[in-house]
Amino acid sequence: MSDDGGRLDRLTAMLRRRGVILPAFEIHGGVAGLYDFGPIGGKLRRNVKNIWLQHWAKHGDIVEIDSPTLTPEPVLIASGHVGEFNDYMSECKSCNSVFRSDHLLSDHHPNPDVLPPEELNSLLIKMGVTCPGCNQNDWLDARPMNLMFETKIGAMRGGRTAYMRPETAQGMFMLFPALYRHFRNRLPFGAVQTGKGYRNEISPRQGMIRLREFNMAELEYFIDPEVVPSHDFSKWNSMPFNLIPDPDTSSPVSMSIRDASEKGIIRHPTVAWFMGWTWDFLVAVGIDPNRIRFRQHEGTEMAHYASDCWDAEIEGSYGWIECVGIAHRGCYDLGAHENSTGNSSLKAWRPFQEPKSVDKTILAGNGAVIGPAFREKANAVNAALAELSNTNQEYPFQLTLDDGSEVTIEENMIEMKRVVATEHGEWFLPHVVEPAFGIDRIIWHILDHCYIETEKSGESYTLMQLPEFIAPVNVAILPLMEKDGLVEVADLLHRQICSISDVSSYYDGSGSIGRRYARADEVGVPWAITIDHQTLEDSTVTIRRRDDGLQMRIEMDLLQSKLATGSISELF
RNA sequence: GCGGAUGUAGUGAAGGGGUUAUCACCUGAGGUUUCCAACCUCAUGUCACGGGUUCAAAUCCCGUCGUCCGCACCA
């Protein structure tokens with residue numbers, strides 16, 4: 001937290017005053033961790049989301065989907081969220097401090113996070129673990145702290161338990177079969193989704209940084225783990241990234257992502273490739289490139305699903321904050337959903353280069369003997385026999401079944417079978433690389449980085465240097481005075497500009513012209529259009545550039561066509 | 001969840017058991033003004049919510065909720 005002389009306070013006050021971002025439900029007292037996007041903020045978020053979507057859509061193999069926020073419990077049990085977000089907490093009876101039970105036991109057990117609550121309780125007593133606050137050993141029973149919002153599907157009693165989704169990713173996994181068909185069974189492909197996620201944080205702090213309801217934007221990119229990807233890193237070659245690898249393997253470096261990938265610091269090329277695209281996106285929407293770094297998760301902090309994870313962190317008024325997580329999730333999710341449902345539609349087909357002829361001899365059970373001998377276990381015995389690689393057994397031998405039990409196999413139970421088959425390919429679980437963006441945190445840092453406090457004729461002056469295509473309002477329409485027929489011309493121009501798609505304008509006729517320029521600058525309007533008496537004569541207006549106040553005169557028709565094509569800046 | 005601080009116009013602050021609650025900026029209306037926060041006049045609050053004490057509460061007390069800081073927690 002840098003001492004910024006109150007800049008953070010002035011920025012948040014401005015964001016409230018101007019309707020960018022403000023606490024939600026304030027007249028009822030407000031709720032921590034819930035924020036409104038006002039008229040300016042709402043459009044800003046829309047623009048950021050649209051650019052994000054377009055950033056991925058242009059790859060050609062990534063499509064947008066949308067799935068419910070309300071998620072039935074079994075989905076989140078399968079994904080591991082019900083277990084993972086159920087950290088157990090122990091409360092000290094004498095001083096009421098609360099700690100994570102597994103953290104208290106970290107010196108007494110190799111991995112206490114796997115223990116059930118009864119063992120946590122007994123181990124706390126047995127090991128004499130004392131409260132870090134008051135040094136007493138007197139604990140209430142550990143109870144789960146579930147960070148998900150729970151609800152019921154079904155209005156009456158006995159509905160199904162559900163949760164508000166803690167991430168959007170599961171929706172993409174549920175849609176894997178539809179995506180696989182959509183892409184004609186060919187990997188790699190991806191799906192993106194933007195929307196709300198929910199986490200019932202214990203104590204949300206730091207404004208927009210930790211929210212209870214937040215905007216996320218996630219991409220799931222499905223790949224074949226056996227295909228070595230050939231990504232083109234050339235556009236980032238001359239651009240060293242600030243990398244903070246897992247301290248166990250390497251120390252912070254500044255190097256190109258291609259080199260980091262080739263040296264194995266980034267463990268998978270596709271992760272490196274998405275780091276590049278992530279960097280492009282962040283810079284495009286107005287994040288200061290010098291205040292971006294990528295930090296690799298250490299083994300211990302890696303989420304339950306990830307095999308490598310890099311966070312894009314952005315430096316702002318709250319220090320370095322992780323705003324994007326790029327995780328290699330392996331086949332964890334698709335496998336987990338297959339296992340818990342028994343459904344096998346989450347696989348992809350990998351054809352062999354050449355069809356494989358399989359000509360092998362296997363041990364097959366003789367049904368007439370095995371059936372009567374093992375009865376209900378007969379199927380398991382046959383399955384275990386089929387998996388035996390050694391067909392030259394000495395009889396009798398012990399066979400281990402899937403459930404761990406052993407049976408004795410006699411020679412008369414067995415028939416040698418020769419199997420001839422042609423295999424054209426195989427089914428496999430795709431791996432997935434997931435870049436997950438915290439939209440609110442990114443928007444916060446855009447505002448933080450673009451908020452400029454300067455001086456103008458001795459007075460303090462603020463301006464929001466948003467990139468043009470992010471700006472919530474594209475142009476401000478300002479009649480020099482509200483009389484002599486200037487209002488009518490200005491109002492018509494305003495409505496004409498608003499009818500151009502993806503262009504927004506606001507009309508401002510109150511106060512001096514300088515004051516109105518200042519108001520527009522404060523919320524980052526890139527262009528201010530002034531209607532004066534000359535406009536009435538020749539249909540020209542002046543256009544002023546936000547960042548330097550430079551003005552030029554232009555015909556209204558040309559202005560509109562330039563706005564429609566987003567090419568105003570070419571005029572200067 | 002614990003401890004401390006705190007809640008007064010759109011924003012930021014001052015005040016404080018007594019009738020019309022201050023200040024600055026902002027915002028709106030009118031006037032004035034021919035291009036960078038000019039000026040003049042006027043307007044906007046039941047002082048977080050609920051209860052209590054009192055003749056009288058924005059002020060004192062209790063509770064609730066929120067916010068900030070510290071602790072703890074945190075993909």
Side-chain angles (χ1 to χ4, degrees), chain A residues 1 6 9-19 22-34 38 80-81 84-85 87 89-92 94-100 103-104 131-134 140 145 147-148 166-167 169 197 199-207 209-211 214 216 218 297 301-306 309 311 322-325 327 434 436-438 441 456-463 478-484 486 508-522 528-535 541-544 546 548-551 553:
Chain A
M1 255 59 24
D9 291 338
R10 290 190 296 276
L11 172 56
T12 49
M14 187 278 282
L15 295 177
R16 280 180 172 220
R17 181 163 40 81
R18 296 305 303 273
L22 45 173
F25 308 116
E26 243 200 331
I27 66 166
H28 285 277
V31 180
L34 300 181
H81 286 90
E84 190 63 22
F85 284 100
D87 294 323
M89 307 290 290
S90 291
E91 188 173 344
C92 172
S94 66
C95 74
N96 294 328
S97 300
V98 181
F99 303 91
R100 270 181 61 164
H103 288 189
L104 290 169
C131 170
C134 65
L140 288 169
M145 181 186 63
L147 289 183
M148 290 193 290
E167 60 171 24
R199 296 171 56 102
N200 202 355
E201 295 284 354
I202 303 167
S203 74
R205 293 269 172 91
Q206 299 181 307
I209 304 301
R210 277 175 72 197
L211 299 174
F214 46 94
M216 14 180 25
E218 295 187 300
H297 281 209
E301 78 178 301
M302 203 110 64
H304 59 276
Y305 45 71
C309 188
D311 287 336
E322 61 181 288
C323 295
V324 184
E434 176 199 82
F437 291 65
R441 290 181 174 189
K456 197 164 174 176
S457 3
E459 274 189 86
S460 66
Y461 196 87
T462 67
L463 95 154
L478 318 171
L480 191 56
M481 292 171 296
E482 283 197 305
K483 61 181 187 184
D484 300 339
L486 298 182
D508 189 354
S510 70
S512 73
I513 191 70
R515 171 179 300 270
R516 286 178 275 158
Y517 286 145
R519 280 200 282 244
D521 288 345
E522 192 177 42
I529 308 299
T530 308
I531 287 84
D532 57 19
H533 290 89
Q534 192 182 333
T535 310
V541 293
T542 60
I543 176 166
R544 169 188 177 273
R546 175 194 64 203
D548 56 6
L550 207 62
Q551 291 196 11
R553 194 159 266 279

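In what follows, chains are A, B, ... by sequence order, proteins preceding strands, each numbered from 1. In this text the structure is predicted, and so the values were computed from the model without any measurement.
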Pairwise C1' distance for B:U46 and B:A5, with rounding to whole Å: 27 Å
Interatomic distance, A:L15 CG vs B:U11 P [rounded to whole Å]: 12 Å
Same-atom distance (C1') from B:A48 to B:C68, integer angstrom: 15 Å
Derivation of the side-chain contact (heavy atoms from CB on, under 4.5 Å) call for A:R210 and A:R441: CA-CA 8 Å; A:R210 277 175 72 197; A:R441 290 181 174 189; 3.8 Å; yes
Sugar-phosphate only, base, or nothing, as touched by A:R16 at under 4.0 Å among non-hydrogen atoms: sugar-phosphate
Protein-to-nucleotide contact annotation, 5' to 3' order, nucleotides 33-50 of chain B [B base; S sugar-phosphate only; - none; under 4.0 Å, heavy atom]: B-BBBB------------
Side chain A:R441 and base B:A75 donor-acceptor under 3.5 Å: yes
Contact nearer the 5' end of RNA chain B, comparing A:C323 with A:D508: A:D508
Nearest-angstrom distance, P atom, B:C61 to B:G7: 13 Å
Integer angstrom distance from the C1' of B:A14 to that of B:C25: 15 Å
Of A:F214 and A:T12, the one whose closest RNA chain B nucleotide lies more 5': A:T12
A:E218 side chain vs A:A169 backbone, donor-acceptor pair below 3.5 Å: yes
For A:P166 against A:M148, the heavy-atom pair lying closest together: CG-SD, 3.5 Å
A:R16 vs A:P23 side-chain heavy atoms within contact, under 4.5 Å: yes
A:R18 CZ to B:G12 P, straight-line distance once rounded to whole Å: 15 Å
Distance between C1' atoms of B:C47 and B:G17 (Å, rounded): 15 Å
side-chain contact (heavy atoms from CB on, under 4.5 Å) partners for A:A528, two or more places apart: A:L478, A:Y517, A:R544
Nearest-angstrom distance from the residue atom NE2 of A:H81 to C1' of B:A75: 8 Å
C1' atoms of B:C23 and B:A9, separation to the nearest Å: 12 Å
Nearest-angstrom distance, P atom, B:G28 to B:U11: 16 Å
Bracket string, RNA chain B, 5' to 3' - pairs by Watson-Crick or G-U geometry under 3.5 Å, | interstrand: (((((((..((((....[...)))).(((((.......)))))....(((((..]....))))))))))))....
Smallest separation among heavy atoms of A:E522 and A:T462, with atom names: CG-OG1, 3.7 Å
N/O (side chain, A:R17) to phosphate O (OP1/OP2, B:C26) under 4.0 Å: no
Under 3.5 Å: donor-acceptor pair, side chain of A:D9, backbone of A:L11: no
Span that lies between the P atom of B:C2 and that of B:A57, in whole angstrom: 32 Å
Heavy-atom check, side chain of A:P479 versus side chain of A:R516, under 4.5 Å: yes
Under 3.5 Å: donor-acceptor pair, side chain of A:R18, backbone of A:R519: yes
Heavy-atom side-chain proximity of A:L480 to A:Q534 below 4.5 angstrom: no
